[in-house]
Amino acid sequence: MARIKIDMPDHYTFTTELPVRISDINYGGHLGNDAVLSMIHEARIRFLNYYHYTELDVEGAGIIMTDSAIVYRAEGFHGDMIQLDVTVGDFNKYGCDIYYVLSNKKTAAEIAHAKTGIVFFDYEERKVIPVPEGFKASMEKDA
Ligand SMILES: CC(C)(COP(=O)(O)OP(=O)(O)OC[C@H]1O[C@@H](n2cnc3c(N)ncnc32)[C@H](O)[C@@H]1OP(=O)(O)O)[C@@H](O)C(=O)NCCC(=O)NCCSC(=O)c1ccc(O)cc1
């Protein structure tokens, strides 16, 4: 299979930080691949909260994850402070992609590129629904 290359945006609308905890370290002595997925989950929640949303309530709508991709660019180690830059893009009728750049705050070395695809979802009807206009407008305002 071809190497994954994520076409990352140039501009990010939200930044947060997370330390590499001892529980994020795997038997290779470095930041585990699964821990990176957890870190982007935390970053996504903080990103949504910044816009007064939650994963269950974005303008009254829920979201569901349709895909995820991570490119591991450099190792992370216990005690490193990781900066996570987040933005959204590539809107379609039902959803968009959320992009994440993880970098070592001290050295600026990029640790990972990641993106998660989402669609808006009515959890009661269990069906895909269009992107709420208010969400798109909030995202475009800061783009
Ligand atoms: C994504 C799905 C809901 C799509 O449902 P389907 O029944 O296949 O959709 P349909 O084929 O009927 O398509 C309905 C419409 O949606 C559109 N659609 C379907 N998939 C997509 C994607 N991926 N992108 C854009 N549009 C899509 C499709 O084109 C149809 O459009 P119209 O033709 O215009 O009607 C379904 O594939 C699914 O349930 N996948 C599993 C999702 C899942 O379990 N994800 C992991 C758990 S959720 C999660 O981890 C998480 C959620 C939220 C968080 O904040 C965090 C984590």
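Remember, it's 1-based here, ligands and their atoms both numbered in the order they're listed.
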Name the atoms and distances for all side-chain donor-acceptor pairs under 3.5 Å in residues 86-93, with sequence neighbours left out.
unit_1 : atom_1 : unit_2 : atom_2 : d
Asn92  : OD1    : Tyr94  : N      : 2.8
Asn92  : OD1    : Gly95  : N      : 2.8

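For Arg73, the side chain to side chain contact (heavy atoms under 4.5 Å, CB included) partners at least two apart in sequence or on another chain are Val71, Glu110, His113. The ring pair (Phe, Tyr, Trp, His ring centres under 6.0 Å) search around Tyr12 returns none, not counting sequence neighbours.
Aromatic ring centroids of Phe47 and Tyr100 lie 6.0 Å or more apart.
A distance limit of 4.0 angstrom between heavy atoms and ligand 1 selects the residues Arg44, Glu55, Ile63, Ile64, Met65, Thr66, Asn92, Tyr94, Val119, Phe121, Val128.
The pair Asp97-Lys115 counts as a salt bridge, with a side-chain nitrogen and a carboxylate oxygen less than 4.0 angstrom apart.
In Glu124, the CD atom is not crowded: 12 or fewer heavy atoms of neighbouring residues, nucleotides or ligands sit closer than 6.0 Å.
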